[in-house]
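Quick notes on the structure that follows.
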2 protein chains.
Amino acid sequence: MRTARRGEPMATTTAAQRRSAARAGYDAYLAECPARQLLERIGDKWVSLVVNALADGPRRYSDLRRRLAGVSEKMLTQTLRNLERDGLLTRTVTASVPARVDYALTPLGAGLLPLLRAIKDWAEEHMPEVLAHREAHDGARAD
Amino acid sequence: MRTARRGEPMATTTAAQRRSAARAGYDAYLAECPARQLLERIGDKWVSLVVNALADGPRRYSDLRRRLAGVSEKMLTQTLRNLERDGLLTRTVTASVPARVDYALTPLGAGLLPLLRAIKDWAEEHMPEVLAHREAHDGARAD
DNA sequence: CTGTATCCCCAACGATACTG
DNA sequence: CAGTATCGTTGGGGATACAG
């Protein structure tokens, strides 16, 4: 993107382009915002559940799959890999027959528990009110 | 879904079907889990930003659009409507010329601020470590 | 047992144009 | 000023089959 060199009017390239630039900049800012990065992690559908499932100790893969009855293998593996990649849990392979893999929270991952707890507490205390609003709102215009 | 009444072997319809049933049940459970409902709300890309933008008082639509430089009109409106629907903010129309609309947090919505603050604090304290892990992990296998 | 590989769908998000 | 309408892209997430 080059600035207009000549002193020409150039009525175009103003509003829309400025918008685009602002967007790009803001997006870059958002991509670096720690809070948003965290929300993207824990917002993943299975992350909070996996972390909670590991709260009281290591679990095997099949163990997790049973406890999180709704998860597909693909998503469970993907979630675990992402969390491992971020240093939130460890993956330990025991090369026996049959193979055995244990997952456990790291201290960093365990540090997430109080935060998840806070989220859960807020949710249990206030979500009913939120849902009541939602239904009232929908009901009023369902007609 | 009926349980197998007879003591018959019925090799088919077992594993896969049981899986499906478990999934459906678990999904239903998740749909009702307050913590997940909350995560779905605040996980929306613009929700936390909008709530924060309203932290210190009401704002007009165009005001919000300026402060959240990256948001499209569609997403801003959609986010605001969702939050209004959930009783987290109010929408006040002043029928003047030109039209004017103010958005403000309700007490319920303001109650979200401490939680968002907690998320932000955790993120600022620990996300650098998470990102360091991530890069180390990626770098190790980037070859 | 612990995954990987593949295909597919859909909802989120964005871009653009138009309206009261 | 404050939206609505419409279209297109993208990636999250699930189903299924296969592999070490």
Side-chain angles (χ1 to χ4, degrees), chain A residues 12 15-28 30-31 36 39-50 58-84 91-103, chain B residues 12 15-28 30-31 36 39-50 58-82 84 89 91-103:
Chain A
T12 42
Q17 289 212 346
R18 284 257 263 288
R19 268 347 207 21
S20 285
R23 297 244 160 106
Y26 201 75
D27 280 0
L30 281 186
R36 274 236 51 84
L39 278 171
E40 303 228 327
R41 245 311 134 261
I42 66 180
D44 279 3
K45 186 167 178 182
W46 301 104
V47 165
S48 59
L49 296 158
V50 166
R59 298 261 172 207
R60 298 183 54 179
Y61 182 85
S62 52
D63 204 354
L64 289 170
R65 192 170 51 175
R66 260 190 306 277
R67 285 168 68 95
L68 283 63
V71 72
S72 66
E73 278 142 21
K74 176 189 163 189
M75 291 315 298
L76 179 55
T77 300
Q78 187 174 301
T79 302
L80 290 167
R81 288 286 144 77
N82 281 337
L83 293 175
E84 184 197 10
R91 178 171 178 269
T92 309
V93 181
T94 306
S96 57
V97 174
R100 168 189 182 130
V101 182
D102 287 270
Y103 293 91
Chain B
T12 40
Q17 290 212 348
R18 285 257 264 288
R19 265 351 204 20
S20 285
R23 298 247 160 104
Y26 200 75
D27 280 0
L30 281 186
R36 274 235 48 87
L39 278 171
E40 304 229 327
R41 241 318 128 257
I42 65 180
D44 278 4
K45 186 168 179 181
W46 302 103
V47 166
S48 59
L49 296 158
V50 166
R59 298 260 170 207
R60 300 181 54 175
Y61 181 85
S62 51
D63 204 353
L64 289 171
R65 191 170 52 173
R66 260 190 305 278
R67 287 168 66 95
L68 284 63
V71 72
S72 67
E73 278 142 20
K74 176 189 164 189
M75 290 315 298
L76 179 55
T77 299
Q78 187 175 302
T79 302
L80 290 166
R81 289 281 146 73
N82 281 336
E84 184 197 10
L89 57 76
R91 176 171 180 270
T92 310
V93 181
T94 306
S96 56
V97 175
R100 169 188 182 131
V101 182
D102 288 88
Y103 293 91

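Within every chain, numbering begins at 1; the chains are lettered A, B, ... in the order of the sequence lines, protein sequences first and strands thereafter.
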Roughly how far apart are [X] [atom1] and [Y] [atom2], rounded to 0.5 Å?
X      : Y     : atom1 : atom2 : value
B/R81  : B/R91 : CZ    : CZ    : 4.0 Å
B/L30  : B/R23 : CG    : CZ    : 12.0 Å
B/R65  : B/S72 : CZ    : OG    : 10.5 Å
A/R66  : A/R60 : CZ    : CZ    : 8.5 Å
A/D102 : A/L64 : CG    : CG    : 9.5 Å

Show your reasoning for whether side chain to side chain contact (heavy atoms under 4.5 Å, CB included) applies to B/T79 and B/L49. CA-CA 10 Å; B/T79 302; B/L49 296 158; over 6 Å; no

Whole Å only: how far is the [atom1] atom of [X] from the [atom2] atom of [N]?
X     : N      : atom1 : atom2 : value
B/R65 : C/dA15 : CZ    : P     : 14 Å
A/L30 : C/dC13 : CG    : C1'   : 13 Å
A/L64 : C/dC1  : CG    : P     : 14 Å

Nucleotide interval of DNA chain D bounded by contacts with chain B (heavy-atom cut-off, under 4.0 Å): D/dC1 to D/dA15

Hey, does the side chain of B/R36 reach the backbone of A/K45 with a donor-acceptor pair shorter than 3.5 angstrom?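 Side chain of B/R36 to backbone of A/K45: a pair is present.
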
Report the C-alpha separation of A/M75 and A/D44 in whole Å, then their side-chain angles, then the decisive distance to 0.1 Å, and conclude whether the side chain to side chain contact (heavy atoms under 4.5 Å, CB included) test is met. CA-CA 10 Å; A/M75 291 315 298; A/D44 279 3; over 6 Å; no

Measuring only between side-chain heavy atoms, which start at C-beta, is A/V50 closer than 4.5 Å to A/Y103? no

Flag the pair B/W46 / B/L80 as yes when at least one side-chain heavy-atom distance between them is below 4.5 Å, and no otherwise.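 Not touching, per the 4.5 Å side-chain cut-off.
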
Using rotation axes that map the C1' atoms of four end pairs onto the next four (five pairs an end), what angle separates the end axes of the helix from C/dC1-D/dG20 to C/dG20-D/dC1, to 10°?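 Comparing the first five pairs with the last five, the axes sit 40° apart.
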
With side chain to side chain contact (heavy atoms under 4.5 Å, CB included) as the test, would you mind laying out the steps for B/V71 and A/Y26 before giving the verdict? CA-CA 9 Å; B/V71 72; A/Y26 201 75; over 6 Å; no

Between A/R23 and A/R60, who's closer to the 5' end of DNA chain C by nearest nucleotide? A/R60

Start at the 5' end of DNA chain C and walk down; is the nucleotide closest to B/Q78 or to A/R66 reached first? A/R66

For nucleotides 4-7 of chain C, list the nitrogen or oxygen atoms of the protein found under 3.5 Å from its nitrogen or oxygen atoms, one pair per line.
unit_1	atom_1	unit_2	atom_2	d
C/dT4	OP1	A/R81	NH1	2.5
C/dT4	OP2	A/R81	NH1	3.3

